[in-house]
Trainee: 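Here's a structure for you.
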Amino acid sequence: MQEADLPDVLEIERQGHAFPWTETIFLDSFRGNYRLWTGWHGERLVGFAVVAYLFDEAHLLNLCVSPELHGQGIGRKLLRYLLGEAALDHIWRVILEVRVSNESAFHLYRSEGFRQIGTRPEYYPAADGREDARVMALELRD
Ligand SMILES: CC(C)(COP(=O)(O)OP(=O)(O)OC[C@H]1O[C@@H](n2cnc3c(N)ncnc32)[C@H](O)[C@@H]1OP(=O)(O)O)[C@@H](O)C(=O)NCCC(=O)NCCS
C-alpha cells in the first residue's frame with residue numbers, strides 16, 4: 001500500500017466496517033514494523049490488509065475487500081499472500097481478533113488453519129454497546 005492508495009482504501013474500509021478506521025490510523029500504520037498490502041483487479045484496488053509485527057509474532061489488524069466483490073476469493077488470496085510474506089519475514093505466529101458475529105471472516109480464517117485461542121469480552125464497539133472478539137492464531141512453523 002502507498003499513501004496515494006488511501007482514498008480507495010478508506011472507501012473500502014467505510015463500506016466494510018460499521019466502525020471504520022480513520023485516515024490517521026492508516027497513516028500511523030506506515031511504519032517499519034507494519035506490512036500494508038493491497039489487492040488489485042487490473043487497475044482497481046479491491047482489498048487490503050494491515051499487519052503489525054512484534055518481534056517474531058504478527059498481528060493481523062485489518063483485512064477488507066470491496067463489498068460487491070465478496071465471495072470471489074480475494075480475501076483468501078490476500079490472506080495467503082500476507083501469511084507467505086510473514087513466513088519469509090521469519091514470523092512464527094499470526095494472531096487476530098474477529099467479531100463473534102463475523103461468520104464469513106471466521107470461516108475464512110478457520111479454513112486457512114487459524115484456531116480460536118480465546119475471546120476478548122466487549123472488545124469491539126457495536127450498535128447496541130460492545131461486542132466480544134474471538135482471538136485466533138496460526139503457527140507458521142514448529
Ligand atoms: C472477511 C472478508 C475479507 C472475506 O473476503 P472475501 O473476498 O469475501 O472472501 P473469499 O471470497 O476469499 O472467501 C473466503 C471464505 O470466506 C468465507 N465466506 C465468504 N463469504 C461468506 C459468506 N457470505 N458467508 C459465510 N462465509 C463466507 C467462506 O469460508 C469462504 O470460503 P469458500 O469460498 O471456500 O466457501 C470480507 O468479507 C470483508 O471484507 N468483510 C468486511 C471486513 C471484515 O469483516 N474483515 C475481517 C475482520 S478484520
Side-chain angles (χ1 to χ4, degrees), residues 1-89 91-141:
M1 189 189 296
Q2 313 286 323
E3 281 191 26
D5 298 325
L6 279 183
D8 292 335
V9 164
L10 285 165
E11 183 63 27
I12 296 171
E13 172 72 8
R14 290 190 192 111
Q15 293 172 343
H17 294 288
F19 296 87
W21 282 12
T22 60
E23 183 173 19
T24 307
I25 297 176
F26 283 101
L27 285 170
D28 282 348
S29 305
F30 285 93
R31 284 191 266 160
N33 61 322
Y34 281 65
R35 299 290 181 276
L36 298 95
W37 304 115
T38 45
W40 295 81
H41 185 77
E43 298 286 295
R44 182 180 166 201
L45 198 162
V46 293
F48 63 85
V50 179
V51 186
Y53 289 177
L54 186 64
F55 299 103
D56 57 357
E57 189 169 86
H59 198 162
L60 174 53
L61 299 174
N62 202 338
L63 173 69
C64 202
V65 170
S66 258
E68 71 275 18
L69 296 171
H70 283 180
Q72 296 185 28
I74 298 167
R76 190 183 298 283
K77 213 168 172 179
L78 268 167
L79 181 59
R80 286 186 179 173
Y81 186 83
L82 73 89
L83 292 174
E85 290 294 315
L88 290 174
D89 287 331
I91 295 293
W92 81 275
R93 186 166 89 138
V94 181
I95 66 162
L96 60 87
E97 286 87 15
V98 58
R99 286 177 185 270
V100 291
S101 64
N102 195 345
E103 289 287 327
S104 52
F106 178 62
H107 286 299
L108 167 60
Y109 297 135
R110 211 170 46 173
S111 69
E112 289 296 319
F114 283 83
R115 61 192 168 84
Q116 185 168 347
I117 57 167
T119 54
R120 297 199 204 280
E122 302 189 350
Y123 184 74
Y124 288 109
D128 54 355
R130 309 284 302 178
E131 180 175 355
D132 295 353
R134 300 176 200 271
V135 184
M136 303 185 77
L138 175 69
E139 283 164 26
L140 298 178
R141 56 184 162 85

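Since the model is a prediction, treat every value here as computed from it, not as a measurement. Order of appearance sets the numbers: ligands from 1, and atoms from 1 within every ligand. For reference, positions follow the sequence shown, starting with 1.
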Trainee: So, the side chain of E112 versus the backbone of L79: is there a donor-acceptor pair under 3.5 Å, distance only?
Mentor: no
Trainee: Using the test ring pair (Phe, Tyr, Trp, His ring centres under 6.0 Å), find all partners of Y81 that sit at least two apart in sequence or belong to another chain.
Mentor: W37
Trainee: Check whether more than 12 heavy atoms from other residues, nucleotides or ligands sit under 6.0 Å from atom NE2 of H41, and answer yes or no.
Mentor: no
Trainee: Could you name the protein residues that come within less than 4.0 Å of ligand 1, counting only heavy atoms, and order them by chain and residue number?
Mentor: G16, H17, L63, C64, V65, H70, G71, Q72, G73, I74, G75, R76, N102, S104, A105, H107, L108, Y109
Trainee: In sequence, state the C-alpha distance, the side-chain angles, and the governing distance for I91 and R35, and then conclude on side-chain contact (heavy atoms from CB on, under 4.5 Å).
Mentor: CA-CA 12 Å; I91 295 293; R35 299 290 181 276; over 6 Å; no
Trainee: Hey, mind stepping through R110 and E103 against salt bridge (charged side-chain N to carboxylate O under 4.0 Å, His left out) and telling me if it holds?
Mentor: CA-CA 10 Å; R110 211 170 46 173; E103 289 287 327; over 6 Å; no
Trainee: Could you grab the distance from atom OG1 of T119 to atom CD of E97, nearest 0.5 Å is fine?
Mentor: 11.0 Å
